[in-house]
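Order of appearance sets the numbers: ligands from 1, and atoms from 1 within every ligand.
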Amino acid sequence: MNITVIGGGYVGLVSGACFAHLGHKVLIVEKVKEKLELLKEGKSPIYEPGLDELLREGLDRELLNFTDSLEEGTEFSEVLFICVGTPSLPDGSPDLSQVDEVVRNVARHMDSYKVFVEKSTVPVHTHERVKGIVRRYLKDKSLEFDVVSNPEFLREGAAVEDFINPDRIVVGVSSERAKGIMEEIYKPLVEKGAPLFITDPASAEIIKHAANSFLAMKISFINMVADLCEATGANVDSVADGIGFDKRIGREFLNAGIGWGGSCFPKDLKAFVRIAKDFSVDFSLLEEVERINERRIDVLMKKLKDALWTLRAKRIAVWGLSFKPNTDDIRDAPSLKVVQRLLKEGAIISAYDPKATENFKRVFVEGQDLGYVEDKYEAVRNAEALLVLTEWEEFKKADLSRIKELMEIPVVVDGRNIYDPNTMKNLGFEYYSIGR
Ligand code: NAD
């Protein structure tokens, strides 16, 4: 089947490359010229494990193509996946202007039946707004179309794997014709056992926000348990294991630390709170989830200051800038707040990340008090403390004795609980972690 994907970012590229991998013929519409040039050479502008290989496979099999022309995208297929950004506005509601622009322009150009698929995360009832826009801009008012909600649940860092082996595929649809098209698209995944959950569009839209809010709530919950463990001498890892055995709870998303970030949780939670307010529903539970998360940076900074007394002119190594491992994405990463706080306190930072340094440099320009290095051991040379902000695998496997040798003062504040406290103590580190 021919599929048009609009927006070549984390979701659009992964979805497009995976659809091509499943045998569909895909055209990705991306408006940023620099990204487009890289993509046409089979190179991904983002770091996502396995994506480069899939892009090249798609190009070699002539199943994947790229354009900046929405008109071409509209002609190419009867089904258009909208994968553009929906960032937060100051009041917490999502900025839907990119979705609006795409829908308007497709409506202007279309001359046959189309299915508009919302893959971008959008608030409940957006499908109604999309319908309204299409009707307004259609030149031939007799043309038929459908709007489908098909939220995306992929996790950055494991996006290709998640797309090809999803826990579930959610399709919110109100017409048999569009339902048939969506079933055809996902048939290769369903045949391999992926559950296809068909529902109405409003429920599908809510499912996405509810899923992310629930996961964020789980992390905030365990972080409060971590504070309680610290106050009482218990160990949050053991508590997480102990409750995680319960199938109703599950062990995932129960890792205590410096909190959630990224391009989705912060904005989706804010959007869900906003939606609840708009419909006069008191969902202040989620506001507390957010507040708890904001306080995690204070928890980390307090540990560092307790260890070093003052941060002025102290050499601090920072390991991990991306919001999670295996991605170069730094949107709403805790590292942004931590580095800002460290600079404000007068610390001298040497930062290292396996993939996210270039993105981070665009926000915090290299200067006298902030240097970026290409090697994790270089970052800790002569440092008076090491802060671990992201649980990259290479940090877990680091040569701890070498780190101890390289540091001036062996203080480690581990914001992700990646090391064993006893091992660290035996090696002679002054080691602080979260909730244990
Ligand atoms: P992104 O910023 O990485 O990608 C969006 C892309 O759309 C950009 O490359 C941008 O240039 C392009 N674009 C914008 N307007 C365009 C237009 N008119 N024509 C062509 N291209 C256009 O964003 P993302 O992380 O891929 O997220 C996209 C949506 O998916 C958001 O709503 C997000 O909430 C949702 N989502 C993201 C993830 C994730 O992990 N990143 C997971 C699930 C859902």
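At under 3.5 Å, not a single nitrogen or oxygen of Asp268, backbone or side chain, sits near a nitrogen or oxygen of ligand 1. Among the atoms of Gly85, none of the N or O lies under 3.5 angstrom from an N or O of ligand 1. Looking at ligand 1, you won't find any N or O of Lys208 less than 3.5 Å from one of its N or O atoms. Distances between N or O atoms of Lys267 and those of ligand 1 include at least one value under 3.5 Å.
Val11 CG2, 3.4 Å is the protein heavy atom nearest to atom 36 (N) of ligand 1. Here the protein heavy atom with the shortest distance to atom 32 (O) of ligand 1 is Thr86 OG1, 2.6 Å. Ranking protein heavy atoms by distance to atom 4 (O) of ligand 1, first place goes to Gly9 CA, 3.1 Å. In terms of protein heavy atoms, atom 18 (N) of ligand 1 is closest to Val102 CG2, 3.6 Å. Closest protein heavy atom to atom 41 (N) of ligand 1: Glu156 OE2, 2.7 Å. Annotation: atom 7 (O) of ligand 1 to nearest protein heavy atom, Gly7 CA, 3.3 Å. When only non-hydrogen protein atoms are considered, atom 44 (C) of ligand 1 lies nearest to Thr121 OG1, 3.5 Å. The protein heavy-atom contact nearest to atom 43 (C) of ligand 1 is Glu152 O, 3.2 Å.
Residue contact check: Lys35 has heavy atoms under 4.0 Å from atoms 8 (C), 9 (O) of ligand 1. Near Arg331, with a cut-off below 4.0 Å to any heavy atom, the atoms of ligand 1 are 1 (P), 2 (O), 3 (O), 23 (O), 25 (O). Close approach of ligand 1 to Gln98 (heavy-atom distance below 4.0 Å) involves ligand atoms 14 (C), 15 (N). Set against the non-hydrogen atoms of Cys83, the atoms of ligand 1 under 4.0 Å away are 5 (C), 28 (C). Close approach of ligand 1 to Val32 is summarised as follows: ligand atoms under 4.0 Å from at least one heavy atom of the residue are 11 (O).
A cation-pi arrangement, defined by a distance under 6.0 Å to the six-membered ring centre and an angle within 45 degrees of its axis, is present between Arg168 and Phe153.
Using a 4.0 angstrom heavy-atom cutoff, Leu70 does not count as in contact with ligand 1.
For Tyr47 and Tyr10, the ring centers sit 6.0 Å or farther from each other. In this structure, Tyr419 has its ring center at least 6.0 angstrom away from the ring center of Phe395. In summary, the aromatic rings of Tyr352 and Tyr372 are positioned with their centroids too far apart to meet the 6.0 Å limit.
Taking all heavy atoms of Glu30, Lys324, Lys31 into account, the minimum distance to atom 12 (C) of ligand 1 is reached by Glu30.
When each of Asp268, Val273, Leu286, Val289 is checked for a side-chain contact (heavy atoms from CB on, under 4.5 Å) with Ser213, only Leu286 meets the rule.
Counting heavy atoms under 4.0 Å from ligand 1, residue Ser263 touches it through the side chain alone. At a heavy-atom distance under 4.0 Å, atoms from both the backbone and the side chain of Leu154 approach ligand 1. The proximity of Val84 to ligand 1, defined as any non-hydrogen pair under 4.0 Å, involves the side chain as well as the backbone.
Atom CG of Asp167 is surrounded by 12 or fewer heavy atoms from other residues, nucleotides or ligands within 6.0 Å. The environment of CZ in Phe221 is sparse: at most 12 heavy-atom neighbours from other residues, nucleotides or ligands sit within 6.0 Å. Counting non-hydrogen atoms of other residues, nucleotides and ligands closer than 6.0 Å to CZ of Phe214 gives a total of 12 or fewer.
A salt bridge links Asp241 with Arg251: at least one charged nitrogen is closer than 4.0 Å to a carboxylate oxygen. Contact check on Arg155 versus Asp162 returns a salt bridge, with a Lys/Arg side-chain nitrogen under 4.0 Å from an Asp/Glu carboxylate oxygen. Under a 4.0 Å N-O distance rule, the pair Asp52/Lys43 does not qualify as a salt bridge.
Side chains of Trp392 and Asp353: a donor-acceptor N/O pair is present below 3.5 angstrom, by distance only.
The aromatic rings of Phe163 and Tyr186 lie tilted to each other, with the angle between the two planes from 30° to 60°.
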